[in-house]
Peer 1: 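Handing you a structure now.
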2 protein chains.
Amino acid sequence: MDQEIEDIQTQSEVQDEILLAALKLFVEKGYFNTSLIDIKDAAGIKTTATIYQHFKTKQMLAAQLHANILDSLNVSIDDIKRKNEKPSEQLRGIVDLLFKLTDEAPDVMQFLLIVNVNEFLPDAKPRHESTPFIKIIRIIEAGVKAGELRSITPQLGYAEFFGIIENILRLVLTGFFDRKADFYQSQAWLAAWNTIVKK
Amino acid sequence: MDQEIEDIQTQSEVQDEILLAALKLFVEKGYFNTSLIDIKDAAGIKTTATIYQHFKTKQMLAAQLHANILDSLNVSIDDIKRKNEKPSEQLRGIVDLLFKLTDEAPDVMQFLLIVNVNEFLPDAKPRHESTPFIKIIRIIEAGVKAGELRSITPQLGYAEFFGIIENILRLVLTGFFDRKADFYQSQAWLAAWNTIVKK
DNA sequence: GTCTATACGCCGATAGAC
DNA sequence: GTCTATCGGCGTATAGAC
């Protein structure tokens, strides 16, 4: 926790501006269509050299951004797990979070659901080996053991449940659905929940 | 139809080799990590200049590849529609096709499900405005009208049904699932079908 | 029509003045 | 520590020889 506070403190305002600008541009135009000049302009700093005072390379910048987003998601999931005992409630909490993020921080969700991270961060773990992902699989596993969910492999349970959730959010983010994510949440939950609930 | 035959005839062997090599590399490393040198090597031709005899630019090459894949999918869907009358049977046929493609032409499916086409083809229609996509929505719409499917908007039906199907295929393609797509097909169909069937 | 050689621009990265 | 100026390299694209 001390470490966490320190990380936050050592991240200067400028650094945050750069990361925020990069996030916006990466989801908008893609990593390779975004030059350091673009990031410099969007971040409101004067030269690209400033970026190099905070990040060793463009790739390291992206890696930092990626890590921040996964960490933040990870913290939120831990929080949800702490506040809810039953796996069904934990899943509900995660779905709530994802829908809220889609409306309130669409760039973050687009980075998570649409951007192909391994294309510019070849050393990044594949999505399904990331900590948040593994935690979700564990929750489903616990739900099966506790008898709340029907007897399937947690992997398949994930595929079915989050297949629906993530696809709906993706369609909101890409503008196929014209309402806010919030509008679809209850229907999405119902459909997703029905694929895994023990009846 | 005459036009179609002519298109096929005017596509030389070399051109096909180039397109095939490009497809492989684009899904493997991404469009921007693939140079014309890479394509030249993979296609077994001698110089990059040869590529320019067949395509005006690298981007046009990618556009042609994209169009070919969508066209081919489109033809297959028309075929399925012709051979099956009921919307449920048509959906079944499309699911069969997608699972078969995942095992037999994973590059094509990866291009369809994972590659972010608009990043290098900014003028390409968004996924949900493409012909195959629209046809699928229409099938679901027809299923609702015919009373086979429960009363939902075709858009939401698509999101739920193909959310499951596509997510499972994506997880097969990325190696999260260790078996061939075929292994998961019946469970996938069942789960997806249950989200939209009228009970 | 085929290939060599090269032009040209863009971008990531850095050296070095202040 | 802040910015200017620039380097080096890569990759697309083309000119022109054969």
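Keep in mind that what you see is a predicted model, and the values were worked out from it rather than measured. Below, chain A is the first sequence line, B the second, and so on; all start at residue 1. All values below come from the heavy atoms of this structure, side chains included, with hydrogens, waters and symmetry mates left out.
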Peer 1: Could you tell me how far apart K46(B) (NZ) and dC3(C) (P) are, to the nearest whole angstrom?
Peer 2: 5 Å
Peer 1: Report the C-alpha distance between Y184(A) and F177(A) in whole Å, list the side-chain angles of each, state the deciding distance to 0.1 Å, and finish with yes or no for ring pair (Phe, Tyr, Trp, His ring centres under 6.0 Å).
Peer 2: CA-CA 9 Å; Y184(A) 305 97; F177(A) 285 147; 4.5 Å; yes
Peer 1: Compare side-chain N and O positions of Q53(A) against OP1 and OP2 of dG1(D) and report whether any pair is under 4.0 Å apart.
Peer 2: no
Peer 1: Check side-chain contact (heavy atoms from CB on, under 4.5 Å) between P106(A) and all other residues, then give those that pass, not counting sequence neighbours.
Peer 2: L173(A)
Peer 1: Determine which pairs satisfy side-chain hydrogen bond (donor to acceptor under 3.5 Å, both in side chains) with at least one residue from residues 95-109 of chain A, sequence neighbours left out, and list them in order.
Peer 2: D96(A)-Q185(A)
Peer 1: Can you run down the side-chain hydrogen bond (donor to acceptor under 3.5 Å, both in side chains) pairs that involve residues 188-197 of chain B, sequence neighbours left out, and say none if there aren't any?
Peer 2: none
Peer 1: By side-chain contact (heavy atoms from CB on, under 4.5 Å), which residues pair with I136(B), not counting sequence neighbours?
Peer 2: I77(B), I94(B), I140(B), Y158(B), F162(B)
Peer 1: What pairs meet the side-chain hydrogen bond (donor to acceptor under 3.5 Å, both in side chains) rule with one or both residues in residues 34-63 of chain A, with sequence neighbours excluded?
Peer 2: K29(A)-D38(A), S35(A)-D38(A)
Peer 1: For I45(A) and dC3(D), give me the distance from atom CD1 to atom C1', rounded to whole Å.
Peer 2: 12 Å
Peer 1: Between D41(B) (CG) and dC3(C) (C1'), how many Å, whole number?
Peer 2: 15 Å
Peer 1: For nucleotides 10-18 of chain D, read 5' to 3', which letter fits each nucleotide if B means a protein heavy atom sits under 4.0 Å from the base, S means only the sugar-phosphate is that close, and - means neither?
Peer 2: --SBB----
Peer 1: Quickly work out the K40(A) NZ to dA5(D) P distance and round it to whole Å.
Peer 2: 13 Å
